[in-house]
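The structure under discussion appears below in the form of structure tokens.
Just follow the structure's listing: the first ligand is 1, and inside any ligand the first atom is 1.
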Amino acid sequence: MYRTIRTGSPRKSTLLVGLPTGTTRLPKPLVAFDEAHGARIRQAMKSRMFSGKEGDVVVEGDDVLLVGLGDQNTIDLNSIRRLGGRLVRKLHAMDIQALDVQLDLTIPRRIADPESVGQALAEGMVLANWEVDFFDGKASTNEPASGSLSLGASCQEVRGGMRRGIILAESTNESRRLSATPPNICVPSWVAQQARAAARKHGMKCRVISFAEAKRLGMGGLVNVGIGSSNKPCMMILEHKPARPRPGHRLALVGKTMTYDSGGYSLKISNTMKGMKYDMNGGAAVFGAMIAIARLKLPVHVFGVLPCAENLVSGDAYRPDDIITMFNGVTVEVTNTDAEGRLILGDALSWTCRKIKPTAIVDVATLTGGVVVGLGHFCAGLWCEDAPFRNQIEEAAESTGERVWQLPLWEAHRKFMRAQHADLWNSGPNRNAHPIQGAAFLSYFVDDDVPWAHLDIAGVSAVDKRDDLHVVGPTGYGVRLLSELVARTGA
Ligand code: BES
Ligand code: MN
Ligand code: ZN
């Protein structure tokens with residue numbers, strides 16, 4: 001794939017135009033282009049290979065690329081994003097180095113404005129261009145990335161959209177790089193280094209709460225979950241503080257960052273441990289979102305909080321039956337050391353409420369296997385009892401194509417998490433509604449008056465089958481969704 005994809009105004013570039021299914025006559029906006037390119041668009045239209053279906057691509061000469069946009073009624077930002085994803089592989093195979101994007105001419109504004117068209121196309125291209133190649137060794141047979149692609153457009157809005165799309169997808173790919181880094185390298189201190197480096201590079205502040213400090217602060221959740229590993233836990237706080245933020249908003253994004261989850265003494269059996277390097281994908285999503293927010297210079301004051309630990313077994317590890325005291329003074333009976341995410345998040349959420357005093361909080365976590373059973377890889381589970389905030393999240397998710405589905409969180413669920421010998425248990429006596437148990441547990445660590453949403457991304461943050469936008473591995477789910485939410489905050 002390409003080494004880089006950038007915007008630019010190339011001298012010699014291939015024209016990219018699209019037509020929906022069933023187009024019989026050349027649409028007016030394309031007539032001038034057709035003339036300038038020796039009637040090759042018309043020629044491409046007549047090709048037997050072209051019906052306008054999603055996936056149709058006809059190349060005419062080396063200067064015209066005609067793509068199918070699919071049924072007029074089903075074109076949306078998702079289909080344009082997917083088109084970008086499929087195209088980038090083809091373009092690379094054809095050794096195309098520059099593209100003149102004119103898709104906006106044939107996509108009606110009521111479906112997508114030119115900026116959104118440019119953004120979705122570029123997002124799709126940069127997301128699909130990503131591969132896990134940084135561990136290719138001496139015996140690798142993969143082709144190394146090569147060449148660069150320059151994206152141009154005569155429409156200024158399309159160019160602006162492409163610039164934005166590239167930033168969002170590159171930030172998503174930064175998130176994916178962290179996720180894909182294996183747990184023997186990606187340990188909590190390594191994540192801290194990555195956070196510090198990203199802060200330096202993108203003009204954010206970064207604070208790291210060390211293991212010693214976490215102990216001093218009484219973060220019983222973070223400390224106990226991480227104590228069994230010689231790679232001790234820590235918590236990173238990234239801060240994006242624009243010069244003139246929209247007044248009245250302090251948004252906090254909190255991400256579960258387990259660099260590895262063996263289950264602890266409640267060990268993961270059979271082959272369920274494999275893949276638990278991805279148990280940091282919530283934190284990775286927050287990390288990527290903070291980079292996007294900083295690079296886009298969004299005018300909102302935002303904090304990214306990453307509680308980070310490794311859940312292992314050792315003579316020092318915590319055990320089922322332990323009773324621990326959390327940062328906010330709530331006591332928890334550990335019934336299952338594999339329900340560890342909620343323990344590190346509980347501390348992070350209550351620390352965030354007390355120290356940051358946010359106006360709203362979103363936490364993102366690969367929290368339960370139950371949400372994978374219930375919702376699969378189709379959408380994340382969403383818990384949010386604040387209707388306006390939930391609507392904002394649902395709208396952001398709709399526009400980025402990172403889908404969410406709401407599940408309930410009632411007083412009955414909260415009561416279910418109360419234990420006999422401590423305030424709470426970290427997991428109930430059975431698996432009934434266990435993704436909701438996780439959300440209910442977390443609610444004890446968020447101040448009542450702060451709008452709060454919990455996203456369980458266990459099913460969507462990595463894929464085991466490639467699709468138009470993703471290779472097998474981390475998807476970076478949440479980076480674009482959180483960035484979009486921030487962009488809409490107070491706007
Ligand atoms: N990290 C896991 C959840 C998970 C499972 C993520 C599969 C991705 C794929 C989490 O820490 C966990 O182990 N959850 C338990 C909770 C249970 C003990 C209540 C689970 O889902 O089994
Ligand atoms: Mn676990
Ligand atoms: Zn976990």
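Side-chain N/O atoms of Trp452 and Asp447 include no donor and acceptor closer than 3.5 Å.
Pairs engaging residues 265-289 under the salt bridge (Lys or Arg N to Asp or Glu O under 4.0 Å) rule: Lys256-Asp279, Asp261-Lys268, Lys268-Asp338 [sequence neighbours left out].
We find that Arg86 and Glu54 are joined by a salt bridge, their nearest charged nitrogen and carboxylate oxygen being less than 4.0 Å apart. A salt bridge is absent between Glu484 and Arg480: the closest approach of a Lys/Arg side-chain nitrogen to an acidic carboxylate oxygen does not fall below 4.0 angstrom.
Taking CG from Asp363 and CG from Asp456, the interatomic distance works out to 9.0 Å, rounded to the nearest 0.5 Å. Atom OG1 of Thr337 sits about 11.0 Å away from atom CG of Asp321, to the nearest 0.5 Å. One distance of note links OG of Ser171 with NE2 of His202; it measures 7.0 Å at 0.5 Å rounding.
By the 6.0 Å and 45° rule, Arg414 stacks over the aromatic ring of Tyr444. In this structure, Arg177 fails the cation-pi test against Phe134, since its NZ or CZ atom is not both closer than 6.0 Å to the six-membered ring centre and inside 45 degrees of the ring normal.
Protein atoms that are N, O or S and lie under 2.8 Å from the Mn ion (ligand 2) are these: Asp261 OD2, Asp338 O, Asp338 OD1, Glu340 OE1. Take a cut-off of 2.8 Å around the Zn ion (ligand 3): the protein N, O or S atoms inside it are Lys256 NZ, Asp261 OD2, Asp279 OD2, Glu340 OE2.
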Trace of the side chain to side chain donor-acceptor pair (under 3.5 Å) decision for Asn281 with Thr366: CA-CA 7 Å; Asn281 283 354; Thr366 49; over 6 Å; no
Decide yes or no on side chain to side chain donor-acceptor pair (under 3.5 Å) for His421 and Thr331, but give the supporting numbers first. CA-CA 9 Å; His421 300 296; Thr331 57; over 6 Å; no
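Contact annotation: the side chain of Ser443 never approaches that of Trp383 to less than 4.5 Å [non-hydrogen atoms, C-beta and beyond].
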Sub-3.5 Å pairs, protein N or O with ligand 1 N or O:
from     : atom 1 : to     : atom 2 : distance (Å)
ligand 1 : 1 (N)  : Lys256 : NZ     : 3.4
ligand 1 : 1 (N)  : Asp261 : OD2    : 3.2
ligand 1 : 1 (N)  : Asp279 : OD1    : 2.7
ligand 1 : 1 (N)  : Asp279 : OD2    : 3.0
ligand 1 : 1 (N)  : Thr366 : O      : 3.4
ligand 1 : 11 (O) : Lys256 : NZ     : 3.2
ligand 1 : 11 (O) : Asp261 : OD2    : 2.9
ligand 1 : 11 (O) : Asp338 : O      : 3.2
ligand 1 : 11 (O) : Glu340 : OE1    : 2.9
ligand 1 : 11 (O) : Glu340 : OE2    : 2.9
ligand 1 : 13 (O) : Lys268 : NZ     : 2.7
ligand 1 : 13 (O) : Asp338 : O      : 3.0
ligand 1 : 13 (O) : Asp338 : OD1    : 2.8
ligand 1 : 13 (O) : Asp338 : OD2    : 3.1
ligand 1 : 14 (N) : Leu367 : O      : 3.4
ligand 1 : 21 (O) : Gly369 : N      : 2.6
ligand 1 : 21 (O) : His434 : NE2    : 3.1
ligand 1 : 22 (O) : Arg431 : NH1    : 3.3
ligand 1 : 22 (O) : Arg431 : NH2    : 2.9

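The neighbour count for Ile269 CD1, taken as heavy atoms of other residues, nucleotides or ligands under 6.0 Å away, does not exceed 12.
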